[in-house]
Amino acid sequence: MTIKEKLILNKLPRHIAIIMDGNGRWALQKGNSRIFGHKNGVNAVRNVVEACAELQIEYLTLYAFSTENWYRPKTEVNALMSLLISALNTEIKKLIKNNIRLLTIGNLEDLPQRVYKKLSEAIEITSKNTGLSLILALSYSARWEITNAAKKLAEDVINKKINIGNISDKEFENYLTTVNIPDPELLIRTSGEYRISNFLLWQIAYSELYFTKKLWPDFCKDDLYEAIYDYQQRERRFGKTSEQLKNQVNE
Ligand code: IPE
Ligand code: IPE
Ligand code: MG
């Protein structure tokens, strides 16, 4: 039995989020430049997007560039921006063919104009697609997102659009960049680092975390199936007891 065949198809996560890490180390191990690693990282993205579309996963969020990544050497930042444009150019046909809708989260105003333009085009062209929603986190950090949400909420309070008494966690979510997107059930991080690096802090409150030592350019479809399989073996209790969950099933 292959790992894909082991998956329980009616128990798939609706939303998978991935911290794609390890491009630089992958390249250095091969005696190459970090940028070579990023280029090969694009192949892994292609495979994972394809696998999610095949499994009919609804949402895939990829952490592609963090707010903190702006502080990397200028040559690397520029190369990443160029890579994003060329990947969008080559992949757009496939997104359309596979009915994939492209979305972004992050402070897009910080992106160079040429990147912003290309992204906006791709988002517009795919906006009517009804299959997988592919969400690229670009110039994203969770603290930026939450702070921004607090500012917008404060404005609405001042303008009397909302009463303080009506602010709940559900209401707060309307101010996040992920409004209308369900929280990820599964968060994967590659490269053997056990940290979140400012990604989706609000949304992962109850996500199942999966860490693998694989470096991102080596991450393939089977690795994704492995992560989903692992997720499917877990008991998600949401604060309740195991016994309560079993009774719920039997009711
Ligand atoms: C992830 O790989 C890609 C981005 C953060 C843009 P890294 O570039 O962080 O690779 P390592 O962690 O240095 O190996
Ligand atoms: C997290 O990776 C950001 C992305 C994958 C885009 P980093 O490589 O930037 O994270 P740290 O610095 O090791 O925590
Ligand atoms: Mg890294």
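Just follow the structure's listing: the first ligand is 1, and inside any ligand the first atom is 1.
No hydrogens or angles considered: a donor-acceptor pair under 3.5 Å links the side chains of E68 and N198. If you check the side chains of D21 and Y63, you find no donor sitting under 3.5 Å from an acceptor. Using modelled atom types, one finds no donor on one side chain facing an acceptor on the other under 3.5 Å when comparing N40 with W26. A donor-acceptor pair shorter than 3.5 Å cannot be found between the side chains of K6 and T2. At a cut-off of 3.5 Å, with distance as the only test, a side-chain donor of T130 or N99 sits close to an acceptor on the other residue. Between the side chains of W70 and S139, at least one donor N or O lies within less than 3.5 Å of an accepting N or O. In the model, R189 has no side-chain atom that pairs as donor or acceptor with a side-chain atom of T212 under 3.5 Å. Between H38 and E76, the side chains place a donor N or O and an acceptor N or O closer than 3.5 Å (distance only, hydrogens not considered). A donor atom on one side chain and an acceptor atom on the other are found under 3.5 Å apart for Q203 and E145.
When hydrogens are left out, the protein atom nearest atom 10 (O) of ligand 1 is G24 N, 2.9 Å; that is the closest non-hydrogen contact. Residue, atom and distance of the protein heavy atom nearest to atom 7 (P) of ligand 2 are R72 NH2, 3.8 Å. Counting protein heavy atoms only, atom 9 (O) of ligand 2 is closest to N69 ND2, 2.9 Å.
In this structure, S191 does not count as a contact residue of ligand 1, since none of its heavy atoms falls inside 4.0 Å of the ligand. Contact annotation: R195 has at least one heavy atom less than 4.0 Å from an atom of ligand 2.
The Mg ion (ligand 3) has no N, O or S atom of E193 inside 2.8 Å of it.
Each of T178, D183, T61 was compared with H15 under the side chain to side chain donor-acceptor pair (under 3.5 Å) criterion, and only T61 meets it.
The distance from ligand 1 to the heavy atoms of A64 drops below 4.0 Å at these ligand atoms: 6 (C). Near R25, with a cut-off below 4.0 Å to any heavy atom, the atoms of ligand 1 are 11 (P), 12 (O), 14 (O). In summary, the atoms of ligand 1 found under 4.0 Å from a heavy atom of R34, numbered by their order in the structure, are 7 (P), 8 (O), 10 (O), 13 (O). Counting atoms of ligand 1 from 1 in the listed order, those under 4.0 Å from a heavy atom of H38 are 3 (C), 8 (O).
Ligand 2 has no nitrogen or oxygen under 3.5 angstrom from a nitrogen or oxygen of Y63. The N/O atoms of D21, backbone and side chain alike, include one that comes under 3.5 Å of an N/O atom in ligand 2.
Among the heteroatoms counted here (N, O or S) of D21, OD1 is the one nearest to the Mg ion (ligand 3).
Not a single protein heavy atom sits closer than 4.0 Å to atom 12 (O) of ligand 2.
Of the options E68, M20, R189, the smallest heavy-atom separation from atom 2 (O) of ligand 2 is shown by R189.
At a heavy-atom cutoff of 4.0 Å, ligand 2 is contacted by the backbone of F65 but not by its side chain.
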